[in-house]
2 protein chains.
Amino acid sequence: MCPAYDVYEDRCPTRLVLDRLADKWALLILDHLAEGTMRFNHLRRDIKGISQKVLSQTLKRLERDGLITRTVYPTVPVTVEYALTPLGRTLAQTAAALTHWAESNMDAILAAQAAYDAAGAER
Amino acid sequence: MCPAYDVYEDRCPTRLVLDRLADKWALLILDHLAEGTMRFNHLRRDIKGISQKVLSQTLKRLERDGLITRTVYPTVPVTVEYALTPLGRTLAQTAAALTHWAESNMDAILAAQAAYDAAGAER
DNA sequence: CCGCATCCGGCGGGATACTG
DNA sequence: CAGTATCCCGCCGGATGCGG
């Protein structure tokens, strides 16, 4: 049963992983944690536009997948730090490739969209 | 405005790109088209579990973004072929890194999930 | 063969308020 | 500070039927 995993197969576990990777927030979090350990509100501040609910959910999923660690320090008030695991660090590298691709090729995409929309408008 | 794009900024165009990239179907399509030009139903058959509606929508978005080309041959019945653009090919490479990462690290993730769930169950 | 139009059910995710 | 809990709404995506 799926000895060599294949993302093209339905029901293959890799599809579950793809769902995770294909979450823009997860990508941003992974990418940002590559810069170092961070606290909850630090992530919330840096990743503009994410809600605390979604941040919380996403962090929990990433922790479950063994991609990040969650460390609680019994201070008052509580301090919680998030960091990449070795496994998470390998993923963060390929995730970084995606975000950097987005930043690098933004102009080309915007141009393509403009051309496409212009062609479609005059019909 | 946004001279150097930054994915961490809300409202930055790169966020739109991230939304595209963070679509598991788009990733699979890009990755699959890397193998060569393909017809609609060929993609539909190979990418198990995708509906024709979603396939159609995703292809249209990818075309608008200038990542793939859509060529119609006026045969009867109509033949439509999809292929990567040069821009799309560069993205397909990084997309491939993601899918291959998923296939390679599947075992580690499944193990992490099992450990996490086991720890949470006994509470 | 390659789609588009329509209906519709589910859930992802925002806003808000409350704990430890 | 770092979350949980609820409500609620939009829209994603499945199913079906039709058209070039």
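Numbers restart at 1 for each chain; the letters A, B, ... are given by sequence-line order, proteins then strands.
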Proximal nucleotide (of [options]) relative to the [X] side chain:
| X | options | result |
| --- | --- | --- |
| B:Phe40 | D:dG14, D:dA2, C:dC2 | C:dC2 |
| B:Val78 | D:dG20, D:dT4, D:dT6 | D:dG20 |
| A:Lys53 | D:dC1, D:dT6, C:dG3 | D:dT6 |
| A:Val54 | C:dG14, C:dC2, D:dT4 | C:dG14 |
| B:Ser56 | C:dG3, C:dG13, D:dG3 | C:dG3 |

How close or far is atom [atom2] of [N] from atom [atom1] of [X], stated in whole angstroms?
| X | N | atom1 | atom2 | answer |
| --- | --- | --- | --- | --- |
| A:Tyr73 | D:dA2 | OH | P | 12 Å |
| B:Asp19 | D:dG13 | CG | P | 12 Å |
| A:Asp10 | D:dG13 | CG | P | 15 Å |
| B:Leu55 | C:dG3 | CG | P | 8 Å |
| B:Gln52 | D:dC12 | CD | P | 17 Å |
| B:Leu59 | D:dG13 | CG | P | 14 Å |
| B:Gln57 | C:dC2 | CD | C1' | 15 Å |
| B:Leu43 | C:dC1 | CG | P | 14 Å |

Exercise for the section: Hey, can you tell me if B:His32 and B:His42 have their rings parallel, tilted or perpendicular (30° and 60° cut-offs)? Expected result: perpendicular
Between the main-chain N or O of [Y] and the side-chain N or O of [X], is there a donor-acceptor pair closer than 3.5 Å?
| X | Y | value |
| --- | --- | --- |
| A:Arg20 | A:Arg15 | no |
| B:Thr85 | B:Gly66 | yes |
| B:Arg89 | B:Leu67 | no |

Whether [X] contacts [N] is assessed here as follows: a side-chain N or O lying under 4.0 Å from the phosphate OP1 or OP2. Is that the case?
| X | N | answer |
| --- | --- | --- |
| B:Arg70 | C:dG3 | yes |
| A:Arg39 | D:dC1 | no |
| A:Tyr82 | D:dC1 | no |

Handout entry: Residue met sooner reading DNA chain C from 5', once B:Asn41 and A:Ser51 are mapped to nucleotides
Key = B:Asn41
Handout entry: For A:Glu103 against B:Val7, the heavy-atom pair lying closest together
Key = OE2-N, 3.0 Å
